[in-house]
Every structure is written in structure tokens, then in C-alpha cells.
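Reminder, nothing fancy here: chain letters follow the sequence lines and each chain counts from 1.
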Amino acid sequence: MTRLEKGELRWGLFFILPWLLGLVIFTAYPIIMSFYYSFTDYSIVQEPFWVGLENYRTLIKADDLFWKSLKNTFYMLGFGLPINLLAGLGLALLLNMKVKAMAIHRTIFYLPSILPEVATAILWVWLFNPQYGLVNAILNWFGIKGPGWLADPAWAKPTLILMGLWGVGGGMIIYLASLQDVPQELYEAAEIDGANGWQKLINITLPMISPVIFFNLIMGLIGTFQFSVQTFVATGGGPAYSTMFYGLYLYYNAFQWWKMGYASAMAWILFLITLMMTIIVFKSSARWVYYHTGGR
Amino acid sequence: MYKKLVVSVLLFSFLVTLSNFVYAEKVKILYWTGWGGSELEDLKKIIDEGFNKKRTDIEVETVTIFGAYEKLLAAIAGGTPPDVVSAVWDSQLASLAARGAIIPLDSYIRKDKIRSSDFWPRLWQSFKYEGRIYALAATTNCQFTAFNIDMVQAAGLDPKKPPKNTKDLYVWAQKLTKFDDKGNIQILGYRPSGIALWGRLFGGPNALYDEKNKKITANNPKVVEAMEYLLSYNKFLDPTKYTAFTSSLGNYWSPENPFFAGKIAMQDYGEWIVQFGLKYNPKLRYDIFPFVTPTGARDYTQFGGSMFCIPTGSKHKDEAWEFIKWITSPEPMKKIAIAFTNMPPRIAVAKDPEVLKAIPVLKLTIPLMEKGTAFTSVSMPVWQQYMTELSAAESMVINGQKTPKQALDDVTTRIQKELDTFLARQEKR
Amino acid sequence: MQEAIKYRSSESWRVKLKRKAIIKEIVLQCLLIFLGITFLLPFLWMISTSLKSNEQIFKFPPVWIPNPVMWSNYSKALQYFPFFRFLGNTLYITTFNVIAAILAPSFVAYGFSRIKWPGRDILFLILLSTMMIPSQVTMIPVFVMFKKMGWVGTFKPLIVPAFFGGGAFSIFLMRQFFMTIPQELVDAAKVDGCSHLYIYWRIMMPLSKPAIATLGVFAFIGSWRDFLGPLIYLQDERQYTLAIGLRYFLTQYGAEWAYLMAASAVVSLPMVVAFFLAQKTFIQGITFTGIKG
């Protein structure tokens with residue numbers, strides 16, 4: 001290594017040092033510790049107490065609620081996530097058209113996703129109030145009798161999916177950014193070949209933005225397993241545990257019941273699940289994600 | 001030179017004494033309360049006038065964690081708890097004590113000669129865990145059932161002859177419930193809830209736990225029978241219609257309170273009903289009767305309330321005790337009882353004519369407290385979890401996901417296991 | 001082919017194209033306006049409810065225009081919870097997070113983009129892969145760590161971590177932006193004998209204003225709405241932020257919907273303002289950098 005190279009290495013490390021320290025303190029060390037805690041009974045008030053595989057055994061063999069929360073979460077993965085991804089993509093395609101006053105349109109659709117989630121959760125609880133809520137009032141106007149929404153175990157999850165659609169702007173903006181990266185020449189060339197709108201979408205747009213669809217899919221997968229403020233505020237996991245999701249149950253175990261060891265075991269199971277799903281998505285991505293090299 | 005030294009030493013020591021004198025100002029202690037709203041205002045006033053203004057050595061800062069009770073455990077776990085806390089329910093006391101999160105008060109109680117015989121005997125028992133005292137109370141509540149006299153009369157029932165047993169109660173509940181033409185609930189007559197309460201009304205105060213053998217007895221036939229009783233209300237109250245109705249109800253602590261707004265004809269209450277009546281709807285005529293049982297025995301009540309305790313991490317334990325000693329003494333206890341309309345934990349205060357006048361319902365609840373059949377949380381380390389599991393089981397039964405027997409068997413197995421592991425680990429630690 | 005070109009240059013084709021464009025514009029506008037209204041409806045309902053009297057709130061079918069208009073709901077809502085204290089706490093945390101978001105990711109991103117050193121690309125890959133770690137895995141040990149440091153019950157756990165790089169996503173965004181700045185500028189500065197610190201601070205930073213502004217706005221919004229952090233780390237009412245204060249307001253005044261809506265509107269307002277002010281940079285900032293896999 002030349003002196004110049006050594007100097008550059010030193011400078012490089014100097015600049016990334018804050019992140020590197022953060023990686024050790026806030027990621028690497030915690031991951032190791034949570035692995036250790038997952039084999040203990042740890043209430044924080046008392047020191048960790050080694051219990052071996054007990055936490056894992058209880059979770060898998062004796063905790064109905066764990067399975068219920070997993071089932072609920074997979075429901076959201078199966079229905080909520082695809083709907084959300086499609087809605088975000090559809091909206092982005094619409095907002096990528098060249099029409100007047102687009103800036104205002106974009107702002108309107110993006111706005112809900114940056115509002116404080118507590119405020120929007122409170123708002124939606126009120127909107128979905130079975131007796132006085134606006135939603136049932138509108139349905140009533142069409143002669144439909146609205147369901148109990150968040151109050152009904154059968155409807156609570158679909159209601160949360162609907163609530164999620166309002167915040168679709170976050171994913172939309174990322175799609176939008178990538179749509180603007182698609183080279184215009186490709187469309188022009190296709191037009192000359194006589195391609196219609198649908199063909200352009202399937203053959204140009206979707207392949208070109210597939211890396212971003214992939215990114216949103218992975219983030220959505222991980223997000224579905226996280227603690228959701230909306231759910232916490234709007235239902236707290238009820239009614240009859242119908243909205244007790246994995247992230248919420250983990251939060252309750254850790255920070256309401258102070259079963260840190262048990263919650264750490266849950267976190268590790270979650271880690272393995274997301275890892276597995278990410279690998280599957282990655283493997284499959286070779287078939288549908290198109291990386292265009294060269295850049296701009 | 002020598003002289004200078006002496007003078008400076010003298011001067012120095014003088015300054016130190018002076019500064020000590022100056023800095024011997026009030027010790028500030030932080031008190032977390034669970035009360036909010038107007039009760040918090042009343043409480044702050046009582047503390048300021050009765051304690052802060054009179055004591056030269058201690059100053060209490062009262063902060064509420066109303067609605068954020070989980071913050072207490074966070075603070076204790078985080079190692080930065082307040083000095084005194086009363087946002088601890090009787091149901092939490094044992095689990096906090098068992099984990100060493102709060103300190104025993106026995107030595108203070110002995111030193112200051114607090115007499116157990118001054119308090120309601122069953123209540124005093126609830127201050128204890130494994131024979132040591134961990135808390136004192138400034139308030140408590142006994143529960144009973146209240147009904148709206150006008151609604152009862154309108155339904156053709158006699159308000160002078162309230163239900164005597166669980167069968168009567170069912171009949172009243174059904175007659176008092178009103179539906180609209182679409183079959184939605186308009187006015188709810190009554191729906192019993194809380195298997196921890198009803199299990200013990202059916203099977204006696206010790207129905208849920210065998211303290212001697214440390215055995216969970218949630219699947220005791222009497223408790224199963226109670227669960228079946230709760231389920232039987234589904235016959236006229238469809239669970240989805242019922243949840244739709246309850247989710248549209250107004251806030252309990254407001255003039256929209258469903259009982260006082262005429263949405264519910266009959267509901268379980270405690271002494272605070274007096275205060276609610278005065279505040280939310282003085283025109284509403286109501287009467288009360290003790291909880292009913294299948295056998296017609298009517299001497300049961302469930303009581304509970306907030307406990308004053310000192311977290312292990314408190315930095316001013318002696319001062320904290322001084323405050324607890326004061327607030328549980330007769331004078332402030334009387335003021336709080338009248339302001340909150342609660343049952344005073346001290347027998348003599350409860351029987352004070354001024355208190356009886358302010359809280360007429362005490363006439364019903366004092367005899368219930370005097371009997372040995374009043375029940376509250378059981379002093380065992382996993383009680384809270386037990387309660388959570390029981391209410392989850394109840395909701396599963398009501399929603400038809402499990403049978404009463406099945407649900408209670410599951411709770412028994414799970415909580416027994418929790419208890420056994422806890423005790424075994426506690427021994428090994 | 002020739003026919004087609006001939007046709008396309010003809011007059012009738014251009015008229016047809018124009019008519020087609022107008023129809024397309026109208027259809028799209030209608031669709032967007034319809035969707036936009038459904039997106040705005042909840043907001044309008046929030047404002048409408050916040051100005052209603054209790055009697056009007058529970059009217060069925062519901063009314064849209066409050067009568068009388070209860071402006072007092074707002075002052076009452078702000079009195080019901082210690083709004084200004086919560087606001088102060090929120091601003092305190094937010095300010096530090098915005099400062100961190102301006103400094104930290106750009107600093108690290110410089111090391112990942114404008115200096116060539118062995119191992120850089122591997123570390124960058126690690127950085128990207130940390131995005132895939134669910135935060136739940138690290139949450140508990142981090143809490144325990146802060147507890148041992150005596151930081152639980154202070155604002156520090158909500159501020160200090162932001163200075164350690166500011167998150168993989170921000171670093172990634174910043175790096176992408178730096179990559180678009182011509183290397184010649186850096187090379188020229190190097191020839192002049194400028195140090196990396198100088199290049200970072202005096203050349204890269206001034207050129208990256210849109211990206212930095214984007215990160216700043218992101219941080220502002222992020223820490224203004226952060227809920228889980230304050231929920232875990234802050235203790236009593238004296239420390240609450242608006243987001244968490246609002247939640248306890250919910251349990252405290254359960255069905256006082258007018259106050260709840262008024263409080264929600266007030267807490268949301270700064271987000272709306274921030275977004276309108278930064279709208280252009282915001283959407284551009286993301287678009288500029290592009291998010292490529």
C-alpha cells in the first residue's frame with residue numbers, strides 16, 4: 001500500500017467512524033445481547049436468569065397468543081401488503097402523467113403519510129365509529145348498513161388495511177421518483193413501434209422500476225412485522241385479540257409485562273422469519289427484477 | 001500569621017454552617033398519582049394545604065400518570081422511579097413486591113405505631129405480601145350494582161324489590177334492554193362482566209386460588225358455572241351488536257357517562273357513583289343493591305383501589321414515608337374521601353357522621369366491608385397476568401371461540417405453570 | 001412506415017392528437033380530483049368535528065358545517081393537556097435531530113463516496129443490509145443499555161443515536177446524491193492541496209443543499225411524529241412530547257371528540273406547513289438522488 005493509499009484509508013475510516021461506532025453500539029452489540037437474553041428470564045428489575053431453551057419452547061408449544069399474533073400478521077402480509085403495494089404503484093403511475101396542477105395533486109396524496117400517526121389513528125377511530133362515524137353515515141346514505149369496523153373482531157383487520165391505504169403516499173413517492181428515472185427515449189422508441197399504453201407499462205415501465213418494487217416489497221415485509229402505532233392507538237390489539245400482531249405482542253411482552261427474555265426470543269424468531277422471507281424474495285428477484293446498468 | 005489562620009478557619013466553618021443552614025431547605029420528593037382530571041385538582045389542593053404549607057422539611061411535587069400506568073413499570077425498570085407512587089393497583093402490589101420493585105414498610109409502621117386494627121381487616125390483608133406490608137391506602141372502593149329508578153319503573157319492575165339472586169338479575173336485565181326496529185341495542189339493561197368477580201360471587205372469595213397449596217383453581221366447577229352464566233346473556237345480547245353498542249358509548253368520566261346519560265339501565269359501580277351523580281346528572285334517580293349470587297346470599301363485595309408505596313429506587317425513602325404516613329392519617333383521608341366520594345380505609349373515618357352524610361352509599365357498603373366476605377386481589381406474584389388471562393378467556397367464551405370449561409382449563413394450566421416457574425426461579429436466585 | 005410518417009405529419013392527425021390529449025386530460029383530472037377528495041375527506045371531517053358542539057357531534061345523519069362554530073374547542077383542548085410543555089419538549093428533541101440529520105449522514109456518505117479505500121464497498125454493503133434488520137431485535141438490549149447508563153427518563157436516548165450516522169437510509173440517500181456531483185471538482189480541489197474535510201465542508205455540502213434539506217425535513221417529520229421512542233423512554237407528564245401526550249389525552253378524555261379532533265389538528269398542523277414550504281425540494285430531493293437498487 002502506498003502512502004497515498006494509506007492516507008485515503010485513514011480518511012475514509014475517519015469519515016465513516018460515526019456510523020461504524022453506531023453499528024457496533026446500536027446494532028452489533030444489541031443483536032448479540034438479545035440472543036443472550038432470549039435464553040434468560042429477565043425482568044430488568046432483577047438480573048437475567050438462565051433458562052436455556054425454555055422461552056422458545058413456551059412460545060412454540062404453549063403460547064396460543066404467539067400463534068394468533070403470527071396468524072394475524074400473515075393475514076396482513078397476504079392481504080394488506082399486496083393491496084398497499086399495488087395502490088402505491090397505481091397512484092404513482094397516475095401521478096406520473098403529464099397533466100395540469102400535478103404538484104397540488106401530489107401534495108394531497110402524500111400529505112396523509114407524514115401526519116403524526118397518533119393523530120390519524122384517533123381520526124380514523126372516530127371515522128369508523130359504528131354509530132356516529134362518517135363512514136357508516138355515507139354507507140347509510142347508499143342504503144348499506146355499515147359493519148362494526150374496529151369494534152368487530154371479523155372486521156378489525158380489514159379496517160386497518162383500509163386505514164393503511166390512506167398512508168400509501170410514502171411508498172408512492174419512492175415509486176414516483178423511480179418513474180422519473182425511466183429514460184424517455186425508451187417510450188419514444190416504443191411509440192414508433194406502435195406500442196399502446198398497456199404494452200408500454202408491461203414492457204418498459206414495470207421492468208425499469210422493478211428494483212424499486214423490490215425495495216418496497218422488502219421494506220413492506222419488515223414493516224408488517226414491526227410495532228404499529230396505528231394499531232396500538234386504535235385497537236391496542238383487540239377486540240378479542242383480532243388485531244394482536246407480532247410487533248404489538250412483542251412490545252407488550254417487553255415493555256408492559258417486562259418479560260424481556262421472552263420478548264427477545266420473539267425478536268429472534270422474527271429475525272429468522274424475515275431473514276428467510278428476504279432470502280426467498282431475493283432468490284425469486286433474479287427472475288423479475290431488472291437491473292439496468294450504466295445509470296444516468 | 002497564626003491569627004490569620006484561626007480567623008480563616010473560623011470564617012470557613014462559619015460559612016459551611018451557614019451554607020448548611022441555607023441549604024437545609026426542603027427536600028423535594030416526587031409523587032406519581034394515578035388520579036386525573038378534577039380529582040387530581042382536588043388532591044393537589046389537599047396536599048398543598050395540608051402538607052406542603054405546613055412542613056418545613058419536605059415538599060411534594062404531585063405528577064399524574066393518568067392513562068399511562070405502564071409508565072410506572074418503565075420507571076422502575078429504568079431505575080429512575082418517583083419517591084412515592086399511588087398509581088399501583090391492589091392487583092399489582094404482590095407482583096411488584098415479589099420482584100423487589102417496592103420496599104416493605106414494616107419498620108416504618110412499627111416506628112410510627114400505625115395500628116392495623118384502625119383499618120378494615122380485609123383491606124389491611126391486601127397491603128401484605130408474604131407476611132410483610134408493602135403499602136398503605138388513602139382511599140378504597142366497594143362495589144355494588146346500581147340501577148336507574150325511572151327505567152325500572154317504566155319496565156314494570158318494582159325498584160323497592162331489586163334482584164335477589166342471579167336469576168332475578170337476568171330477568172331484570174332482559175326486561176330493561178331496549179332494541180330499535182333494526183334489532184340494534186338502544187338501551188342496555190345489564191350485562192354482567194368480569195369472571196374474576198362473578199367466579200367469586202358463585203364460588204366464594206377463595207374460588208380462584210388455593211393459597212395454602214399455591215394452586216390456581218380457575219376451572220373450579222363454580223367458576224365454570226359463573227362463566228356459563230355470563231355466556232347465557234348472549235341469548236338476548238348478540239355479541240357483535242353488544243360490542244357495536246359499547247364502542248359507541250360516551251366517556252365514562254364525562255357527562256356522556258352511559259349510566260348517567262340514560263344509555264345503560266343497570267351497571268356495577270362503587271362509591272364514586274355519588275360524585276358522578278352530582279357532577280353529570282343530578283336529576284337522575286338511582287338506587288343500589290349488593291351483588292347477587294346464585295344462592296341469594298347478599299353479603300359480597302369486591303373492593304380495591306390505589307396503594308401508596310415506595311419504589312426501591314427512591315432517593316428519599318424516609319421523606320416518602322413521612323408523606324405516606326400523613327396522607328393515610330385521618331384528617332387528609334377524610335378530605336379525600338369527601339372530595340372523591342370513596343370508602344375511607346380507616347374504620348373510624350368511614351363512620352364519621354360528616355363522611356356518612358357526604359357519601360350516603362356507605363350505609364350499604366360499610367356492613368359489607370365489616371364482613372369477612374369482602375374480597376379483593378389475591379396476594380400472589382402472577383395475579384395480574386392471571387387477571388389478564390381471565391378476561392381474555394371471558395372474551396373468547398362470549399365470542400364463541402371456546403367453551404367455558406375449555407377456556408378456564410387453559411387459563412388454569414397456563415397460570416399454574418407461570419406461578420410454578422416463578423416460585424422455582426425465585427428460590428434459585 | 002412511410003405511410004405512417006406521412007399520416008402523422010398531416011393536419012387531421014394533429015387535430016385528432018390534440019382532441020385525444022384534451023379528453024385524456026379531462027378524464028385524468030376527474031379521476032385525480034375524485035381520489036383527491038376521498039383523500040381529503042378525513043381531514044375536512046377532522047376540522048369540522050373539531051368545531052362542533054357536543055350536541056352536533058352525535059347528530060345523525062351527520063352535519064358538515066358546524067353551527068355554532070365552537071372556536072373555544074381549540075383553547076379548551078389546549079388547556080386540557082399541557083400543550084406548551086409538550087410542544088417545548090417536542091421542539092427540543094426535534095431540533096437536535098434535525099442538526100444531526102444535516103451533519104451525520106453527509107459526513108459518513110462522504111467517506112463512502114468520495115474517498116477510495118480498500119474495504120469501502122464491503123462496508124457499504126453491510127450498511128445496506130442493516131436496513132433489513134427489524135428494529136425489534138435491537139430494541140430491548142438498547143433499552144437495557146440506556147437503562148444502565150441512567151439515560152431512561154431523559155431525552156438523550158431520543159437524541160444521541162441520531163449523531164451516529166443518522167440511519168442507513170439517510171446515508172444511502174446522501175451517498176447517491178454525492179455521486180451525482182462531478183468527480184472533477186473533487187480532483188481539482190485535491191490538486192490544489194485541499195484536505196478531505198475542506199472538500200466535504202466547502203464543496204460538497206454547499207452543492208448538496210436540496211438533499212440536505214430533504215433529510216432535514218425528513219428528520220423534522222420523523223422526530224415530530226415519533227411515538228415508540230418517547231413511549232419507551234420518557235416517563236411522566238413533564239417529559240411527554242406532543243405525539244405521546246396526544247395518546248394519553250385520548251384515554252383521559254375518551255369520547256370528547258371535539259377536543260380530540262382539535263388537538264389532533266393542532267399537532268398535525270406543523271407537518272402540513274413544513275410540507276407545503278418544503279414541498280418542491282422535498283419531492284425533488286428524492287427524485288434527484290433516485291433510489292436505485
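Residue contact with chain C, scored on non-hydrogen atoms closer than 4.5 Å, involves the side chain of A/L250 exclusively. Neither the backbone nor the side chain of A/V24 comes within contact range of chain C; no heavy atom of the residue lies under 4.5 Å from a heavy atom of that chain. Only the side chain of A/L20 comes within contact range of chain C, with at least one heavy atom under 4.5 Å from a heavy atom of that chain. Neither the backbone nor the side chain of A/F35 comes within contact range of chain C; no heavy atoms are under 4.5 Å apart. With a threshold of 4.5 angstrom between heavy atoms, A/F225 approaches chain C through N, CA, C or O but not through any side-chain atom. Both the backbone and the side chain of A/K100 come within contact range of chain C, with heavy atoms under 4.5 Å apart. With a threshold of 4.5 angstrom between heavy atoms, A/I25 approaches chain C through its backbone and through its side chain. Proximity to chain C is absent for every atom of A/L17, based on heavy atoms less than 4.5 angstrom apart. Neither the backbone nor the side chain of A/S228 comes within less than 4.5 Å of any heavy atom of chain C. In this structure, the portion of A/L91 lying under 4.5 Å from any heavy atom of chain C is its side chain and not its backbone. When heavy atoms are compared at a cutoff of 4.5 Å, A/L115 approaches chain C by way of both its backbone and its side chain.
For the set A/G22, A/G12, A/S38, A/A254, the count of heavy-atom pairs under 4.5 angstrom toward chain C peaks at A/G12. The greatest number of non-hydrogen atom pairs below 4.5 Å with chain C, out of A/W141, A/F14, A/Y29, is found for A/F14. Of the listed residues (A/V229, A/L23, A/I122, A/I108), the one with the most heavy-atom contacts under 4.5 Å to chain C is A/I122. By number of non-hydrogen pairs under 4.5 angstrom with chain C, the leading residue of A/V233, A/L275, A/L111 is A/L111. Between chain A and the residues C/E25, C/K147, C/M271, C/M261, the largest count of heavy-atom pairs under 4.5 Å involves C/E25. With chain A as the partner, the residue from C/T138, C/L40, C/T130 showing the most heavy-atom pairs under 4.5 Å is C/T138.
Of the possible polar contacts, none joining the A/E5 side chain to the C/W117 backbone as a donor-acceptor pair under 3.5 Å is found.
The aromatic rings of C/H196 and A/W11 sit perpendicular, their planes meeting at an angle over 60°, well past the 30° parallel limit. The aromatic rings of A/F26 and C/F164 lie perpendicular to each other, with more than 60° between the two planes, well past the 30° mark. Between A/W166 and C/F39, the two ring planes are tilted [angle within 30° to 60°].
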Name every donor-acceptor pair, under 3.5 Å, that has one atom in a side chain of residues 259-274 of chain A and the other anywhere in the protein, sequence neighbours excluded.
unit_1, atom_1, unit_2, atom_2, d
A/Y262, OH, A/D63, OD2, 2.6
A/S264, OG, A/M260, O, 2.8
A/W268, NE1, A/S34, OG, 2.6
A/T274, OG1, A/L270, O, 2.9
A/T274, OG1, A/F271, O, 3.0

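For the side chain to side chain contact (heavy atoms under 4.5 Å, CB included) with C/P42, the lone residue among A/V135, A/T120, A/L123 that qualifies is A/L123. If you run ring pair (Phe, Tyr, Trp, His ring centres under 6.0 Å) between A/F15 and each of C/F112, C/Y200, C/F178, only C/Y200 comes through.
Checked against the 6.0 Å centroid criterion, the rings of C/F107 and A/W19 do not qualify as a close aromatic pair. Between A/W258 and C/F143, the ring centre distance stays below 6.0 Å.
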- Item | Residue pair C/F227, A/F232: steps toward the ring-ring contact (aromatic ring centres under 6.0 Å, His included) verdict | CA-CA 10 Å; C/F227 181 77; A/F232 181 68; 5.8 Å; yes
- Message: Determine whether A/E8 and C/K190 satisfy the following criterion, salt bridge (charged side-chain N to carboxylate O under 4.0 Å, His left out), listing intermediate values before the conclusion.
- Response: CA-CA 12 Å; A/E8 291 292 88; C/K190 266 194 198 155; 3.6 Å; yes
- Residue pair C/L260, A/W126: steps toward the side chain to side chain contact (heavy atoms under 4.5 Å, CB included) verdict: CA-CA 10 Å; C/L260 280 173; A/W126 174 229; over 6 Å; no
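Interatomic distance, C/L41 CG to A/L134 CG, rounded to the nearest 0.5 Å: 6.0 Å. Between A/Y251 atom OH and C/L228 atom CG the span is 7.0 Å, to the nearest 0.5 Å. If you take CD1 on A/I16 and CG on C/L123, they are separated by 4.5 Å, rounding to the nearest 0.5 Å.
With sequence neighbours left out, C/R225 forms a salt bridge (Lys or Arg N to Asp or Glu O under 4.0 Å) with A/E117.
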